[in-house]
Novice: 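Before we start, here is the structure in question, set down as structure tokens.
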Amino acid sequence: MTIRGQSFKLEEEPLRCKIIHGNTCQSRNLLRIIGIENVLRLNILLNIVPRNRLASIINYPYPINEYTRFIHYSYKEKTEKLPEDIREVRNLIQSVNLQTNATHIIASIDWGIEAIIIIRLSSNNNIVTQIDKILKKVESILKGASELTTLNSDDARFLGENTTIIVYSNISYLNGMTSMNDICQFINKRNEVYKVFRPLEYTLKPIELFNPQYNRLDSPIIQLESTYNEKLEEYLLKYLDKLKDLKYSLDYEVTKMLNGYLGEQLCQLQQQWVYLKNLYENDIKQLKHLINDVCYGRGDISIIDKTISPEKQNDFDDKFNKVTKNLNDLKEKGKLIRNLKEKKIQYCNVVEYGIDQIDNKITIEQKLVFDNEENRILYSNDHLIKINTKQFHTLLDNLCEQRRKHSEICLIYADFSYSSFELKDMMIVPSKRHSDENKKSMKEETLSSTSNIINILLLGETGVGKSTFINAFANYLTFNTLEKAQTSQPMVLMPVSFVTTVGDNFEEHTVKFGDVDSLNNEVFDRPGQSVTQRCKSYVFNLNDSDRKKLRIIDTPGFGDTRGIEQDDRNMEHILEYLSNFTHLNAICFLLKPNSSRLNIFFRSCLTQLFSLLDRNALNNIIFCFTSARSTFYTPGDTAPLVKKMLNSLSIGDVPFKKENTFCFDNESFRYLVALQNGIKFNDDEKHEYEMSWSTSVTQSKRLIDYIRKNVVVYHIEGNLQSMKYVQFEIIHMIRPILETMRNYLRNLILRTQDSVNVSLELYPKVISFPATICISCVPYSLLVGQFWIAKIIPHKIQNNHCTCECSLDQHISIDYKLEYKLSKKSFKYNQDKISDMLRELCHA
Ligand SMILES: [Zn+2]
Ligand SMILES: [Zn+2]
């Protein structure tokens with residue numbers, strides 16, 4: 001509308017300024033503070049009226065309490081009004097086209113400045129008293145009652161150090177300000193900069209008043225009673241406040257208390273908060289429709305009653321309480337971690353060490369390898385602490401006592417609360433690092449690159465027995481005879497279970513490897529599903545003169561029950577994992593002898609592998625056959641099938657000869673495990689297994705010899721020129737580039753606000769669990785300084801399902817998350833430089 005009225009100088013007192021204390025009932029309703037009347041308040045809460053300018057005060061993110069102060073400032077400069085004479089107005093209206101649904105006409109506009117300055121104080125009562133005195137001075141400065149136009153530097157500094165200031169105003173320039181002196185200065189110069197004034201208030205009049213013939217197309221016939229307005233407002237404010245309180249607690253208190261620990265649990269809570277927020281927003285949408293229906297006579301008011309009924313609210317409250325409980329639990333954990341820290345006990349969440357239900361006492365100890373030579377680890381969980389607090393404290397004292405005697409030992413608290421491993425009792429476990437040179441230690445290692453490591457990539461169909469093979473192979477290389485293995489502690493790389501048949505009646509027994517004591521849990525791998533879903537590396541020392549290490553790169557088995565697409569996805573993962581290594585010594589295909597057919601994926605697996613590696617790697621291929629005792633240690637019927645397949649390949653000649661073929665027998669290893677499980681065998685069986693053990697030992701040694709003497713090491717680094725590799729590299733760069741650009745843009749915005757001398761810094765953090773981001777979910781909003789950041793909450797996918805209910809193809813896997821920090825320094829580059837860098841990145 002472009003109708004302009006005349007402007008009038010005001011007669012009433014134009015300037016108002018007052019301080020409101022955060023614990024008054026007035027302060028609870030932010031919209032009421034700024035004098036918004038009932039119906040409009042409800043419309044803002046219901047998102048019918050946009051929350052911009054002053055109304056955005058409803059988004060104030062912090063809780064309001066005794067440590068909150070408001071300064072409400074308003075200055076009315078002039079009023080513009082429509083002419084008093086109604087005929088004049090009618091003429092004006094008829095001159096413009098009025099094809100509109102408008103119900104009212106703006107009759108007058110007040111121009112001026114209005115601002116609510118919200119000051120959050122630190123919760124120290126001495127400071128509060130002092131701040132209140134300073135705020136009184138601010139009040140008189142803003143009123144023009146003081147001779148000063150700004151605070152003195154001491155007061156300004158004290159205020160800056162002990163408060164957080166957020167301004168909501170009709171003047172957008174004020175909205176970015178964080179320093180009280182900047183605000184005072186700006187407001188006191190209001191008359192020098194005439195243009196700063198913006199509309200303050202509009203007075204509306206019904207359109208019929210000016211144009212009785214004007215027929216509204218569609219107009220509400222019923223007005224909601226004011227008691228309803230109040231009820232709805234109360235309902236909406238109640239949950240809005242609850243959401244804010246939870247979020248504050250989550251973003252500031254809990255995050256600080258956990259100090260970087262339990263990132264996964266924190267993410268889960270943030271996700272739960274998003275869920276509550278969605279519920280609330282859906283409620284708003286629904287109410288908006290219902291109210292509309294009622295006002296237009298299409299619905300009954302009882303439906304609104306139902307939506308905000310006590311039953312509904314109880315249900316809502318329950319959901320909020322659950323999240324609050326989880327939040328409080330995490331706060332408790334934060335306190336525990338702090339307590340432990342004071343006692344110099346390191347906290348460790350065992351989930352981050354990959355401990356789950358299939359683990360047992362030995363594998364747990366192997367996984368919990370810390371740097372120190374000697375550790376004392378206390379195993380416990382929240383439940384055990386709760387039912388036996390006294391024991392827990394006794395054990396803690398016990399730990400500290402032990403360190404008093406031996407100052408070199410390191411104390412660790414291993415928290416099993418979040419692991420699927422069921423811990424039955426609290427206990428202290430002494431753990432020694434496997435530093436004994438004669439005893440080979442075996443553990444999962446992070447990717448490291450030394451030429452002293454023999455890398456073997458192990459590929460094979462699901463069910464071929466890769467896990468057992470890895471365990472068996474390690475033991476064959478360690479113990480020359482079965483007898484030696486029996487009298488020593490066999491090496492457990494990963495727990496496996498299998499069924500073995502004994503005696504003339506073929507009795508079936510399930511045996512578990514690694515199941516050495518009561519710590520163990522029942523659940524093992526389900527048949528048909530590969531135990532290994534992601535690649536893992538296992539490194540151990542070869543007991544030879546030049547101290548080489550052997551790394552077996554275990555991969556997801558192909559022939560996945562989820563189909564060929566899953567196989568392709570697994571292969572993609574294998575290639576990506578592989579591209580991180582410096583070199584490969586052997587590519588080992590694990591097969592069973594006497595197969596009647598080969599898995600169709602075998603072929604595709606080879607082709608895809610050689611889309612990453614070049615032909616030189618063909619000579620590094622070896623074939624291993626398991627369970628070959630039945631075929632007298634030959635590949636049996638599988639050989640012609642493999643030959644035929646290899647001949648049909650276009651990738652080049654794959655050698656398949658006696659030299660690069662090795663036949664093992666997993667049975668002798670299974671026999672060892674069965675013996676340890678207390679299963680009896682007769683002498684014939686015993687003799688046979690002893691023989692097959694020594695054959696397997698010979699084969700294992702021949703394999704290592706072959707790799708060391710007959711094969712040229714394939715260097716991955718610098719040899720991955722293929723499109724595939726470029727793809728991986730590009731995919732890895734996308735997110736960092738985009739995140740960097742996004743942060744440049746944020747800093748550019750901060751730059752343009754002259755009053756703000758701060759910048760945002762990115763802190764990437766590696767995520768310790770397999771995480772994804774959901775591109776459908778609304779991001780989590782986090783206020784960093786003055787900046788709302790759309791923060792990504794990592795989602796964890798379990799059993800092909802995400803708690804966010806969005807489909808899996810909406811999820812992209814990530815390996816780091818970002819934290820944001822506000823730096824008191826301004827961004828190190830100037831505006832032009834930032835623009836330049838952005839342009840460069842856009843063309844990268
Ligand atoms: Zn989602
Ligand atoms: Zn999700």
Side-chain angles (χ1 to χ4, degrees), residues 47 59 61 239 242-244 246-247 249-251 254-255 258 260-286 316 319-320 322-327 329-330 349 351-352 354 356 417-420 529 533-534 556 560 562-563 565-566 568-570 572-573 576 731-732 734-736 738-739 742 762 764-784 788-820:
N47 275 330
N59 298 330
Y239 293 103
K242 278 184 181 230
L243 279 172
K244 280 186 189 175
L246 273 179
K247 190 156 194 304
S249 210
L250 203 53
D251 291 351
V254 181
T255 305
L258 289 176
Y261 289 107
L262 300 173
E264 189 183 341
Q265 280 65 35
L266 200 61
C267 285
Q268 274 172 11
L269 262 183
Q270 288 171 332
Q271 230 179 311
Q272 286 168 13
W273 183 86
V274 172
Y275 168 75
L276 291 178
K277 183 175 152 255
N278 287 344
L279 282 183
Y280 178 72
E281 279 171 1
N282 284 337
D283 234 30
I284 287 183
K285 269 185 215 149
Q286 206 190 347
F316 233 28
K319 287 183 171 120
F320 271 88
K322 257 183 213 150
V323 180
T324 310
K325 191 193 167 289
N326 293 343
L327 191 97
D329 286 350
L330 218 51
N349 173 16
V351 177
E352 288 173 16
D356 58 24
S417 307
Y418 312 102
S419 171
S420 54
Q529 234 190 11
Q533 301 289 341
R534 321 246 332 146
D560 196 289
R562 283 165 289 181
E565 290 85 17
Q566 186 60 39
D568 279 327
R569 228 169 289 153
N570 286 345
E572 195 83 351
H573 165 66
E576 198 181 337
I731 288 169
H732 280 144
I734 293 174
R735 197 175 153 220
L738 289 178
E739 295 285 9
R742 187 138 72 144
L762 296 180
K765 275 206 170 150
V766 174
I767 303 173
S768 58
F769 55 95
T772 61
I773 39 177
C774 177
I775 49 175
S776 295
C777 275
V778 183
Y780 186 81
S781 51
L782 182 73
L783 188 64
V784 183
W788 282 102
I789 281 172
K791 193 182 155 127
I792 285 164
I793 313 174
H795 287 192
K796 193 176 179 182
I797 292 180
Q798 274 171 324
N799 304 323
N800 283 327
H801 179 83
C802 184
T803 41
C804 78
E805 306 285 334
C806 305
S807 76
L808 284 191
D809 55 21
Q810 298 297 298
H811 290 79
I812 299 164
S813 62
I814 50 167
D815 40 26
Y816 67 93
K817 61 178 174 180
L818 282 176
E819 317 243 295
Y820 305 86

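In each ligand, atom 1 is the first atom listed, and ligand 1 is the first ligand listed. Bear in mind the structure is a predicted one, so any value in this text is a computation, not a measurement.
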Novice: Where is the tightest heavy-atom contact between W788 and N59, given as atom of each residue plus distance?
Specialist: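 Minimum heavy-atom contact is CZ2-O, 4.1 Å.
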Novice: Is R569 paired with E572 through a side-chain N to carboxylate O contact shorter than 4.0 Å?
Specialist: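 No, no charged N to carboxylate O under 4.0 Å.
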Novice: So, F320 versus Y239, ring centres under 6.0 angstrom or not?
Specialist: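 Between F320 and Y239, the centre distance is under 6.0 Å.
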Novice: If you measure from CG on D815 to CZ on R735, what distance do you get to the nearest 0.5 Å?
Specialist: 7.5 Å
Novice: Which atom, counting only N, O or S, brings H811 closest to the Zn ion (ligand 2)?
Specialist: NE2
Novice: Check whether any N, O or S atom of C774 sits under 2.8 Å from the Zn ion (ligand 1).
Specialist: yes
Novice: Once rounded to 10 degrees, what value does the angle at the Zn ion (ligand 2) take between ND1 (H795) and SG (C804)?
Specialist: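 Rounding to the nearest 10 degrees gives 110°.
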Novice: Report yes or no: does C777 have an N/O/S atom closer than 2.8 Å to the Zn ion (ligand 2)?
Specialist: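 It does not; every qualifying atom lies at 2.8 Å or beyond.
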Novice: With a cut-off of 2.8 Å, does C806 place any N/O/S atom under that distance from the Zn ion (ligand 2)?
Specialist: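 So C806 does not count as coordinating the Zn ion (ligand 2).
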Novice: On a heavy-atom basis, which atom in H801 and which in L808 lie closest, and how many Å separate them?
Specialist: N-CD2, 4.3 Å
